[in-house]
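What follows is a single structure, written as structure tokens, with notes after it.
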Amino acid sequence: MCGIVGLFLKDSSLEPQLGSLLAGMLEVMTDRGPDSAGFAIYGSGQKGHVKLTLRGSDLEAIKVSLDPDSTMVLRDTHAVLVVPQDREDEVRGWLAVNRPDVVVTGAGERIELYKEVGLPADVATRFGLDGMAGTHGIGHTRMATESAVTTDGAHPFSTGKDQCLVHNGSLSNHASLRRMLEPEGIAIHTENDSEVAAGYLTWKMRGGASLAEALEASLEDLDGFYTFVVGTEDGFAVLRDPISCKPAVMAETDQYVAFGSEYRALVSLPGIENAKVFEPDPARVYAWTRS
Amino acid sequence: MPVVDLATSSRRDLNAALHALREGDNDMHWRVENPAGQHALACGLDAPVTVEIAGHAGYYCAGMNQHATVVVEGNAGVGVAENMMSGRVHVKGDASQSAGATAHGGLLVIDGNASARCGISMKGVDIVVKGSIGPMSAFMAQAGRLVVLGDAGDALGDSIYEARIYVAGEVAGLGADCVEKEMREEHRAELRELFEAAGVEADPAMFRRYGSARQLYNFHVDNAAAY
């Protein structure tokens with residue numbers, strides 16, 4: 001069992017509250033996943049620059065070694081380093097050689113991605129989710145059933161620029177998909193089946209598919225149980241497997257689209273009393289794009 | 001009328017208070033405010049009490065109900081009225097998956113839609129859905145009646161036993177061993193009774209009946225080679 005949440009804002013006046021709303025949703029999902037938690041937020045971005053979310057210890061030293069003038073925001077065990085796009089490969093190369101202990105959890109113009117072991121409320125507090133602004137975000141609370149409780153095993157997973165995915169369920173053909181994706185140059189770093197699903201979507205979108213098209217294709221190619229909530233720089237989407245094995249509730253108003261594993265996760269959202277609350281159909285792609 | 005505000009008191013206390021009620025007690029009409037989608041509200045009731053839930057309920061609301069009337073004034077989560085034995089459960093909004101699952105008796109009325117697996121393994125309950133029902137509904141349904149004023153999703157009545165299904169709208173597809181059957185006067189009379197019980201205005205002539213072809217009941221020795 002896991003809990004997943006997502007919030008996609010249509011009304012920009014809510015953007016300063018994105019983090020606090022998402023933190024509330026995440027905390028309610030503690031009953032579904034008390035082992036670890038994580039979230040991705042699409043915040044501000046700067047054209048021509050890449051935000052690298054790094055996880056590890058002594059992250060400040062990286063900035064000093066690389067470029068003391070660069071921007072780095074430290075948040076507990078993570079830090080967001082902003083580098084010019086044309087320097088990204090160089091920075092990643094430097095990290096691989098000099099700081100192999102550091103993990104890049106997410107990269108893109110606007111995405112920031114944090115995850116840790118612990119109760120969701122504690123994880124949210126450690127990273128200061130409450131104070132984060134943004135246009136959309138997704139989150140996950142994990143109850144590990146098949147692998148150890150580690151930060152690597154926590155969601156979301158990001159396998160492409162400004163892309164992220166949270167998953168409730170389990171995939172049965174992730175090993176063969178992994179073998180298919182690796183020669184295609186899709187790097188999958190953990191043993192987690194959900195990362196394979198993220199990698200699959202990255203691969204499809206790299207080939208020109210839209211987020212909705214990539215999810216449509218996954219209905220053919222992914223075997224198993226899943227409810228996915230997926231984010232891209234300008235998109236937000238939801239897909240459930242054809243027998244809707246895992247729960248999902250959505251709410252839509254003029255101000256937002258929200259997703260929760262259970263309705264409880266949505267009750268503190270503004271205007272929820274008058275929202276259109278619905279359960280997404282199995283095997284149907286729901287996608288929204290920022291205008 | 002006792003009013004319980006779940007914003008300030010616990011669900012466990014609410015359920016304990018409802019369980020303590022006996023037929024003939026004075027306060028047999030309760031109202032529950034701020035349910036906020038909490039799970040297991042008004043579960044395991046065993047007295048002719050009426051409980052109104054002023055909002056959305058979470059999982060297994062009114063599960064195992066006997067004798068009680070539970071009204072959910074919003075949506076209900078997974079497994080509303082699961083394993084109900086008797087009484088009445090009325091959801092004014094939509095119901096999530098597995099509404100009325102395994103229920104033996106009583107009446108479940110859903111004003112909105114019910115999602116997948118409505119009436120799965122139903123064992124005698126009557127379910128009336130004013131909207132539509134999702135896929136895989138009435139899977140392995142054994143007894144009882146499922147009435148749908150809207151449409152039904154795919155694989156309706158898969159592996160059904162003796163439950164009777166009535167649908168006014170489109171059926172996306174029938175499951176294994178589920179077939180359309182003739183509507184006779186006894187079935188129209190049965191529908192009229194159910195409409196009255198559920199407070200529904202509808203014309204029995206609009207409905208088609210589905211049930212078991214009874215081909216999966218017994219092991220056929222002729223099929224032995226297939227296993």
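Numbered from 1 within each chain, the chains take letters A, B, ... in sequence-line order.
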> How about D221(A) and Y200(A): does a side-chain donor come under 3.5 Å of a side-chain acceptor?
Replying inline: yes

> Which pair of non-hydrogen atoms, one from I110(B) and one from A95(B), has the smallest distance, and what is that distance?
Replying inline: CD1-CB, 3.8 Å

> Can you tell me if CZ on R31(B) sees more than 12 non-hydrogen neighbours from other groups inside 6.0 Å?
Replying inline: yes

>> With no hydrogens and no angle check, just 3.5 Å: does a side-chain donor-acceptor pair link T151(A) and E116(A)?
In response: yes

> Which residues from residues 135-173 of chain B are near chain A, with near meaning under 4.5 Å between non-hydrogen atoms?
Replying inline: P135(B), M136(B)

> CE of M1(A): more than 12 outside heavy atoms within 6.0 angstrom?
Replying inline: yes

> With under 30° as parallel and over 60° as perpendicular, where do the rings of H167(A) and F228(A) fit, or are they tilted in between?
Replying inline: tilted

>> Could you check whether any side-chain heavy atom of V71(B) comes within less than 4.5 Å of a side-chain heavy atom of R88(B), counting everything from C-beta outward?
In response: no

> Would you say the side-chain atoms of Q215(B) pair up with the backbone N or O of A213(B), donor to acceptor, closer than 3.5 Å?
Replying inline: yes

>> I'd like to know whether K92(B) forms a salt bridge (charged side-chain N to carboxylate O under 4.0 Å, His left out) with E73(B), so could you lay out the CA-CA distance, the side-chain angles of the two residues, the decisive distance to 0.1 Å, and finally the verdict.
In response: CA-CA 5 Å; K92(B) 294 194 170 179; E73(B) 294 174 358; 5.1 Å; no

> What is the minimum heavy-atom distance between H67(B) and D46(B), and which atoms define it?
Replying inline: CD2-OD1, 3.3 Å

> Is it the case that more than 12 heavy atoms not belonging to F225(A) sit under 6.0 Å from its CZ atom?
Replying inline: no

>> Please tell me whether H29(B) and E52(B) have a donor and an acceptor in their side chains that are separated by less than 3.5 angstrom.
In response: yes

> Which of residues 238-269 of chain A get closer than 4.5 angstrom to chain B, counting heavy atoms alone?
Replying inline: R240(A), P242(A), I243(A), S244(A), C245(A), P247(A), S261(A), E262(A), Y263(A), R264(A), V267(A)

> Does the side-chain hydrogen bond (donor to acceptor under 3.5 Å, both in side chains) test come out yes or no for N83(B) and T102(B), once each step is laid out?
Replying inline: CA-CA 5 Å; N83(B) 217 65; T102(B) 75; 2.8 Å; yes

> Residues of residues 2-18 of chain A under 4.5 Å from chain B (heavy atom pairs)?
Replying inline: none

> Could you go step by step and tell me if K130(B) and D111(B) meet the salt bridge (charged side-chain N to carboxylate O under 4.0 Å, His left out) rule?
Replying inline: CA-CA 5 Å; K130(B) 297 186 188 173; D111(B) 289 352; 3.2 Å; yes

>> Measuring only between side-chain heavy atoms, which start at C-beta, is L26(A) closer than 4.5 Å to L129(A)?
In response: yes

> Which residues from residues 273-291 of chain A are near chain B, with near meaning under 4.5 Å between non-hydrogen atoms?
Replying inline: V277(A), E279(A), P282(A)

>> Can a donor-acceptor pair be found, under 3.5 Å and without considering hydrogens, that links the side chain of N75(B) to the backbone of H56(B)?
In response: no

